[in-house]
Amino acid sequence: MALTKVGPAGIGSTPGNGITIGDSFLHSTGLNATNAYYTGIVTSQSIRVLGDLQVDGTTTTLDTEVTSVDKLEVAANNTTVGVAITQSGSGDILNLYDGSTEVFSVADGGDVTITDSIVHANDTNTKIRFPDTDTVAVETGGSERLRVKSDGR
């Protein structure tokens with residue numbers, strides 16, 4: 001896509017002057033475009049996207065925090081995996097929180113930590129619980145049926 005200089009003032013001037021990219025326009029208040037494709041965009045400031053953002057290809061660096069979101073949904077349309085998290089460092093692979101309380105984590109190496117219980121979907125009164133240190137319990141019908149303590153009893 002060719003760049004065409006418009007007006008003598010150049011990039012970052014008042015609206016009406018700047019650089020035209022395809023059928024879009026770059027001016028002092030930002031980049032305005034509809035269904036345009038850009039390559040090699042670099043900014044040291046924020047980018048605000050109103051509407052959908054589509055990234056085709058591989059995003060090699062994404063170091064960000066997604067905050068103040070009602071819902072984060074991944075809708076994958078492929079035959080391999082919907083979400084893959086690859087941890088190349090030594091930190092935890094995944095941490096899930098309810099507010100500020102951690103409820104689930106996957107540590108480096110794959111150990112899974114939960115706060116208290118594994119609950120069967122559609123049968124919430126059946127659980128495998130971890131009610132105490134070195135203790136495993138099984139509940140059915142909302143009542144504990146089996147408990148194994150650290151001494152094996």
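Every value quoted in this text rests on a predicted model; they were computed, and no experiment measured them.
For CD1 of Ile128, the number of neighbouring non-hydrogen atoms (other residues, nucleotides, ligands) closer than 6.0 Å is 12 at most. Crowding of Asn77 atom CG: a count of heavy atoms from other residues, nucleotides or ligands under 6.0 Å not exceeding 12. The 12-atom threshold is not exceeded at CG of Asn122, counting heavy atoms of other residues, nucleotides or ligands nearer than 6.0 Å.
When hydrophobic clusters are built by joining Ile, Leu, Val, Met, Phe, Trp and Tyr residues whose side-chain heavy atoms come closer than 4.5 Å, directly or via intermediates, Val119 is not grouped with Val112. Using a 4.5 Å cut-off between side-chain heavy atoms of Ile, Leu, Val, Met, Phe, Trp and Tyr, with links allowed through other members, Leu94 and Val74 fall into the same hydrophobic cluster. Linking Ile, Leu, Val, Met, Phe, Trp and Tyr whenever their side-chain heavy atoms come within less than 4.5 Å leaves Phe104 and Tyr97 in two separate clusters.
Between the CD1 atom of Ile118 and the OG1 atom of Thr126 there is a distance of 13.0 Å, given to the nearest 0.5 Å. How far CD of Gln87 is from CG of Asp108: 6.0 Å, rounded to the nearest 0.5 Å. The CD atom of Glu139 lies 8.5 Å from the CG atom of Asn125; values are rounded to the nearest 0.5 Å.
Among all heavy-atom pairs drawn from Val81 and Val83, the shortest one is CG2-O, 3.4 Å. Of all heavy-atom pairs spanning Val103 and Asp98, the tightest one is CG1-CB, 3.9 Å. When all heavy atoms of Asn95 and Ser105 are compared, the pair lying nearest together is ND2-CB, 3.2 Å.
Tested against Phe130, the residues Thr135, Thr113, Ile114 include a single side chain to side chain contact (heavy atoms under 4.5 Å, CB included) partner, Ile114.
Asp116 has a carboxylate O that lies under 4.0 Å from a charged side-chain N of Arg129, or vice versa, which qualifies the two as a salt bridge.
Not one N or O on the side chain of Arg145 forms a donor-acceptor pair closer than 3.5 Å with the backbone of Val138. In this structure, Asp151 contributes its side chain and Arg153 its backbone to a donor-acceptor pair below 3.5 Å. Proximity of a side-chain donor or acceptor of Thr101 to a complementary backbone N or O of Gly99 within less than 3.5 Å is not detected.
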